[in-house]
Amino acid sequence: MKRLIENYTHDELKQEMIAIGEKPFRAKQLATWIYQKRVDSFFDMSDISKVSQQRLDELFQLSTLTLHTCQISKDKTRKYLFKTVDNHFIETVLMVHDYGYSVCVTSQIGCNMGCAFCASGLLKKKRNLETAEIVDQVLQVQKDIDKDEMRVSNIVVMGIGEPFDNYDNVMKFVKIVNNDNMLGIGARHITISTCGLADKIRKFADENTQVNLAISLHAPNDKLRSSIMPINQAFPLAELFESLHYYLAKNSRRLTFEYILLKDVNDTLEHAKQLADLVGGMNAYINLIPYNPVDEHSFSQSDFKQSMRFYDYLMKRKIQCTLRKEHGADIDAACGQLRIKVEKGTN
Ligand code: SAH
């Protein structure tokens with residue numbers, strides 16, 4: 001079987017080239033052709049000899065996902081459904097912000113975290129995505145928007161899956177998209193979101209990257225958090241926050257907390273108070289997220305008035321926070337919804 005070239009960091013690409021008897025500078029040439037000129041074939045790489053093109057084509061494969069569908073919503077959000085070589089579907093979303101174009105990538109096929117409100121976990125984890133499969137999501141989206149002369153400026157690892165349950169492949173993905181000879185997306189423009197694997201948060205802290213970290217918090221006390229997020233039983237809040245303080249001590253980046261407002265579950269003023277007590281004083285801000293209803297779950301969205309009350313309370317307590325806009329609600333762009341419909345045959 002051919003090896004997937006998107007699995008290799010720049011350094012690894014160099015090693016691969018040396019191993020097959022090519023000059024080390026081939027790595028840089030390849031990176032430029034693949035990630036910057038974005039060609040689809042080794043035979044388009046015009047400054048590489050025919051013989052080398054042939055050899056590279058025999059050994060390596062450039063792309064691994066096939067596009068199944070792309071939906072575009074009224075707010076210009078694009079949702080891509082890709083198929084892997086072993087016939088799994090994965091979703092990738094492109095969001096249009098005033099600051100640029102942000103791609104939300106999937107990190108696993110299914111998810112084992114079992115958060116009670118989330119559509120992704122309805123399909124259990126089948127396997128981790130390979131680095132190349134995560135890289136290819138961004139590259140294919142970039143190729144699609146090349147037609148409109150747009151450039152991916154930000155990446156969020158917030159699609160299906162728990163990125164820290166696929167730690168090594170995700171970190172390698174970050175290296176590849178970040179490398180200046182490859183996609184060159186600044187580390188500060190990349191965000192990894194985790195439901196709170198404290199051991200991996202410490203490991204991530206030790207890497208000392210500029211990559212942003214977001215924590216899916218969603219509840220301000222252990223009882224509630226454990227009831228909606230099983231991961232809290234393995235890493236309760238005290239342990240999670242110990243790892244976050246460790247991260248903040250080692251990194252200068254501001255943390256993000258994600259907090260979905262779930263009607264009558266976590267959206268009262270008492271919850272807001274507990275949340276402010278928990279997060280106050282940290283170099284962090286809270287992203288309040290409107291819930292995107294999932295057919296299979298009974299949670300519903302907090303009404304606007306209650307959301308504003310919650311937000312105002314946090315502001316009064318001088319907690320930095322934002323009330324996030326919804327993107328792509330009209331095209332099932334939220335969290336595993338399209339994939340579930342396709343797999344159930346209703347789309
Ligand atoms: N496993 C990682 C990343 C994927 S989920 C994590 O938990 O952070 C990305 C974000 O979407 C998380 O904050 C998750 O809690 C949130 N989310 C899941 N289902 C949602 C829904 N139906 N509506 C709004 N946000 C949701």
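The figures that follow rest on heavy atoms only: side chains count, while hydrogens, waters and symmetry mates do not. Just follow the structure's listing: the first ligand is 1, and inside any ligand the first atom is 1. Counting from 1, the numbers follow the sequence of the chain as shown. Computed from a predicted structure; not experimentally measured.
- Checked against the 6.0 Å centroid criterion, the rings of F204 and F164 qualify as a close aromatic pair.
- Taking every heavy atom of G159 and a limit of under 4.0 angstrom, the matching atoms of ligand 1 come to 4 (C).
- Within ligand 1, counting atoms from 1 as listed, the ones closer than 4.0 Å to a heavy atom of C118 are 18 (C), 19 (N).
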Run the numbers on F257 and F241 for ring pair (Phe, Tyr, Trp, His ring centres under 6.0 Å), then give the verdict.
CA-CA 12 Å; F257 287 105; F241 274 74; 5.5 Å; yes

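- Looking at heavy atoms from C-beta onward, C195 lies in side-chain contact with M113 at the 4.5 angstrom threshold.
- Residue H218 approaches ligand 1 through these ligand atoms, each under 4.0 Å from one of its heavy atoms: 13 (O), 14 (C), 15 (O).
- Interface atoms of ligand 1 facing G161, defined by a heavy-atom separation under 4.0 Å, are 1 (N), 2 (C), 3 (C), 4 (C).
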Run the numbers on K2 and F60 for side-chain contact (heavy atoms from CB on, under 4.5 Å), then give the verdict.
CA-CA 5 Å; K2 289 187 186 184; F60 299 102; 5.8 Å; no

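- Side-chain rings of Y291 and Y259 stay apart, their centers remaining 6.0 Å or farther from each other.
- Within ligand 1, the atoms closer than 4.0 Å to a non-hydrogen atom of V294 are 22 (N), numbered from 1 in the order shown.
- In summary, the atoms of ligand 1 found under 4.0 Å from a heavy atom of F117, numbered by their order in the structure, are 15 (O), 18 (C), 19 (N), 22 (N).
- Residues F43 and L59 fall into different hydrophobic clusters, defined by Ile, Leu, Val, Met, Phe, Trp and Tyr side chains chained together at heavy-atom separations under 4.5 Å.
- In this structure, E162 counts as a contact residue of ligand 1, since one of its heavy atoms falls inside 4.0 Å of the ligand.
- Taking the six-membered ring for Trp and the full ring otherwise, the centers of H68 and F82 sit at least 6.0 Å from each other.
- Atoms of ligand 1 lying under 4.0 Å from at least one heavy atom of C195, given by number and element, are 6 (C), 7 (O), 8 (O).
- Here I160 has no heavy atoms under 4.0 Å from ligand 1, in either its backbone or its side chain.
- For atom 12 (C) of ligand 1, the nearest non-hydrogen atom from the set A116, P163, A214, S216 belongs to S216.
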